[in-house]
There are 2 protein chains.
Amino acid sequence: MKEGPDIAHVAALIGDPARANILTALMSGKALTATELACEAGIAAPTVSGHVRKLMGGGLILGCSQGRHRYFQLAGPHVANLLEVMMGFAAAQGYLRTRPGPRDPALRAARVCYRHLAGEAGVRMYDSLMGRGFLALAPDGLSLTTQGEDFLVSCGLDLTGVNKARPPLCRNCLDWSERRFHLGGSLGRGLMDFIFQKGWATQLPRSRVVHFTQKGRRTFEKMFPL
Amino acid sequence: MKEGPDIAHVAALIGDPARANILTALMSGKALTATELACEAGIAAPTVSGHVRKLMGGGLILGCSQGRHRYFQLAGPHVANLLEVMMGFAAAQGYLRTRPGPRDPALRAARVCYRHLAGEAGVRMYDSLMGRGFLALAPDGLSLTTQGEDFLVSCGLDLTGVNKARPPLCRNCLDWSERRFHLGGSLGRGLMDFIFQKGWATQLPRSRVVHFTQKGRRTFEKMFPL
DNA sequence: AGAACGCTTTGTTCTGCACCAAAATATGCC
DNA sequence: GGCATATTTTGGTGCAGAACAAAGCGTTCT
C-alpha cells in the first residue's frame with residue numbers, strides 16, 4: 001500500500017456533480033466568469049466561489065481577475081485530456097448524463113474540445129490529413145510533414161503564427177464520442193480558429209457545439225476529403 | 001449544461017480514499033479477495049463489501065466467486081488505462097501519496113501496470129522494440145511487424161498463445177512516472193509473463209514493484225538494447 | 001460621490017455517506 | 001451434522017462537505 005500518486009484527491013475534486021459541471025463547461029476552452037459558471041452548473045454564486053477555490057488548489061483550473069470580473073479556465077490541455085479520457089470511459093459505461101440533452105447529436109457531430117475541433121468533423125479532419133501524408137505518427141508524438149505545411153499554407157492558414165504558439169504543435173487527443181483520435185496541439189487550435197474566421201462554422205453560445213453553415217460544411221469537406 | 005457523459009459519477013467512485021486504495025491494489029493485475037483488499041486499504045471487511053459493490057455497479061471492477069472466496073479484479077485494461085492517466089496527472093501535480101514510500105524509486109524503475117511492464121524498464125522495452133522496427137505506429141493503433149514476430153519467436157516467446165488472447169495485441173499505455181508510452185495489450189501481458197517465467201524478475205508480494213535479479217536485468221537489457 | 005454590479009467571506013443548516021459492530025448467510029472441512 | 005472461515009446485510013454513529021443567506025470588499029458606471 002501507500003504506493004504511487006494520490007489519485008483519490010484529484011478524483012474527488014472531479015467527483016462532485018457541481019464541479020464536474022463547471023469543468024465540463026470549461027471544456028469549451030473559453031474562460032468563464034463565476035456567474036456564468038453558476039448558471040451553467042445550476043448553483044448559487046457563493047457555492048461556485050468555494051468550488052473554484054478547490055479546483056484551483058488542485059491545479060485543475062486557473063483564475064485571473066480583469067476589472068470587476070474574474071475569469072476561470074482549465075489549467076491547460078493536460079486537464080482537458082484527463083477529462084476527455086474520463087468522458088470516454090463514462091460514455092463507454094453508458095453513463096450519459098441523465099437523459100441526453102437535445103443537443104447531444106449536434107455535440108457528436110462537431111464540438112470544441114478545449115480549443116480544437118472534436119466529434120465527427122474533428123476525426124474527419126484528422127483522418128484526412130493523416131491519409132494524405134500531411135501528418136506523421138512517430139514514437140515521440142505526432143508531427144506535421146513538409147507536404148502538410150505546404151498544403152496548409154496554400155489553404156491560407158497562418159503557419160508562422162501557429163508555430164509561435166505554445167508547443168506541442170500536434171497532439172493526439174482521444175475523442176470520447178468517436179473513440180478515435182482527433183488533432184490537438186497548437187495546430188489543432190489554429191485550424192479551429194481558421195474555421196471560425198472563414199465563417200464556416202460558429203460556436204453556439206453556452207455550449208461546446210460547433211454549428212457548420214451549409215456552405216461552410218461543403219467547403220470544409222472539400223478541404224478535408226476522406 | 002446537461003451535455004455529454006456523466007464524469008462525476010465515475011470520478012466520485014474513484015474519489016474515495018478507500019476505494020482508490022482498492023483500485024490501486026488491483027492495478028497489480030492480480031485478483032484479490034475481500035479480506036486482502038480490506039488489509040490493503042486499511043478498512044474493515046464490511047466496508048470493503050460496500051465499496052466493491054459500488055465499484056462493480058460502476059463497471060470498474062469484476063467479481064467472481066470461487067468456493068468460499070470471492071475474487072475481485074479490474075474490469076479490464078481500459079480501467080487500468082484510466083487509472084494510469086489519473087496517476088500521471090496526480091504525479092504531475094505533485095500529489096504523491098503522503099510521504100513517498102520507501103519503495104517509490106523501485107516503483108519507478110519497474111512495476112506492473114495491470115498486467116504488463118511499466119516504469120523505466122517498461123519504456124526501455126517499448127523504445128527498443130520501436131527503434132528496431134519491431135513495432136509500428138499506425139493511425140489506428142500499434143502493431144507488431146513481421147520482423148517483430150520473427151524476433152520474439154527467436155527469443156522463445158509463445159506468440160500463438162499471445163495471439164489467441166483478448167485483443168488488442170498491442171496497445172500504447174501512458175506511463176505515469178516516465179510520462180511516455182509503454183507496451184500494453186495482450187503482447188505486453190505476454191512479455192511480462194515471459195520475464196517472470198524466465199526468472200529474470202519477480203513481483204514483490206503485496207506490491208506492484210517488479211524486482212529484477214542482477215543476472216535477469218543484464219539479460220533483459222541485452223534482449224532490449226537502446 | 002453614490003449607486004450598481006461582481007465576487008468572496010462568514011456562519012448555519014442539512015444531507016449524504018464512510019465506517020464498524022453485530023447478526024445473517026454461504027461455503028468448505030472434518 | 002457441526003464447527004470454522006469468508007462474505008454480505010442490517011442498523012446506528014459520526015463527520016465531511018455542499019448548499020445558500022447575509023454581510024463584506026472591490027470595481028465600474030453615471
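Not measured: the values here are computed from a predicted model. Every chain is numbered from 1 and lettered A, B, ... according to where its sequence line falls, protein lines coming before strand lines.
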Where chain B begins and ends its contact with DNA chain D, read 5' to 3' at 4.0 Å from heavy atoms = dA4(D) to dT9(D)
Can you name the salt bridge (Lys or Arg N to Asp or Glu O under 4.0 Å) partners of D16(A), sequence neighbours left out?
-> none
Across all chains, not counting sequence neighbours, the salt bridge (Lys or Arg N to Asp or Glu O under 4.0 Å) partners of R53(A) are none
Counting side-chain heavy atoms from C-beta on, which of dG6(C), dC20(C), dT8(C) comes nearest to T35(A)?
-> dG6(C)
Write out all pairs satisfying ring-ring contact (aromatic ring centres under 6.0 Å, His included) with one or both partners inside residues 8-65 of chain B, taking only residues at least two apart or from two chains.
-> Y95(A)-H9(B)
Is any side-chain nitrogen or oxygen of R70(A) closer than 4.0 Å to OP1 or OP2 of dT8(C)?
-> yes
Could you list the residues that satisfy side-chain hydrogen bond (donor to acceptor under 3.5 Å, both in side chains) with Y114(A), not counting sequence neighbours?
-> none
By side-chain hydrogen bond (donor to acceptor under 3.5 Å, both in side chains) - contacts of D158(A) (at least two apart) | T160(A)
Specify the separation, in whole Å, of atom CG of N21(B) and atom C1' of dC19(C).
-> 15 Å
Quick one: on DNA chain D, does F72(B) or A12(A) contact a more 5' nucleotide (nearest heavy atom)?
-> F72(B)
Do any side-chain atoms of residues 181-205 of chain A form donor-acceptor pairs under 3.5 angstrom with protein atoms, and if so which ones, sequence neighbours left out?
{"unit_1": "H182(A)", "atom_1": "ND1", "unit_2": "D175(A)", "atom_2": "OD2", "d": "2.7"}
{"unit_1": "H182(A)", "atom_1": "NE2", "unit_2": "H116(A)", "atom_2": "NE2", "d": "3.3"}
{"unit_1": "R189(A)", "atom_1": "NH2", "unit_2": "R166(A)", "atom_2": "O", "d": "3.4"}
{"unit_1": "Q203(A)", "atom_1": "NE2", "unit_2": "S207(A)", "atom_2": "O", "d": "3.2"}

Answer yes or no: is there a side-chain heavy-atom contact under 4.5 Å between R19(A) and I14(A)?
-> no
Nearest-nucleotide wise, let me know which of R19(B) and T33(A) is further upstream toward the 5' end of DNA chain C.
-> T33(A)
Do you know which two heavy atoms are closest between C113(B) and A118(B), and how far apart they sit?
-> CB-CB, 3.7 Å
Taking every heavy atom of R179(B) against every heavy atom of A92(B), the minimum-distance pair comes out as NH2-CB, 3.3 Å
Residue pairs, two or more places apart or on separate chains, that pass salt bridge (charged side-chain N to carboxylate O under 4.0 Å, His left out) and touch residues 57-67 of chain A = none
Does any donor atom in the side chain of R208(A) or T24(A) lie under 3.5 Å from an acceptor atom in the other side chain?
-> no
Donor-acceptor contacts, no H, no angles, side chain residues 60-83 of chain B, under 3.5 Å, sequence neighbours left out:
{"unit_1": "S65(B)", "atom_1": "OG", "unit_2": "R70(B)", "atom_2": "NE", "d": "3.1"}

Expected list for residues 47-60 of chain B near DNA chain C, using heavy atoms below 4.0 Å, is T47(B), H51(B), K54(B)
Net bend of the helix from dA1(C)-dT30(D) to dC30(C)-dG1(D), end axes of five pairs each, nearest 10 degrees | 30°
Encode nucleotides 23-30 of chain C as B, S and - characters from 5' to 3', where the letter depends on protein heavy atoms closer than 4.0 Å: B to the base, S only to sugar-phosphate, - to neither.
-> ----BS--
Report, as yes or no, whether the 6.0 Å neighbourhood of atom CZ on R171(A) holds more than 12 heavy atoms from other residues, nucleotides or ligands.
-> yes
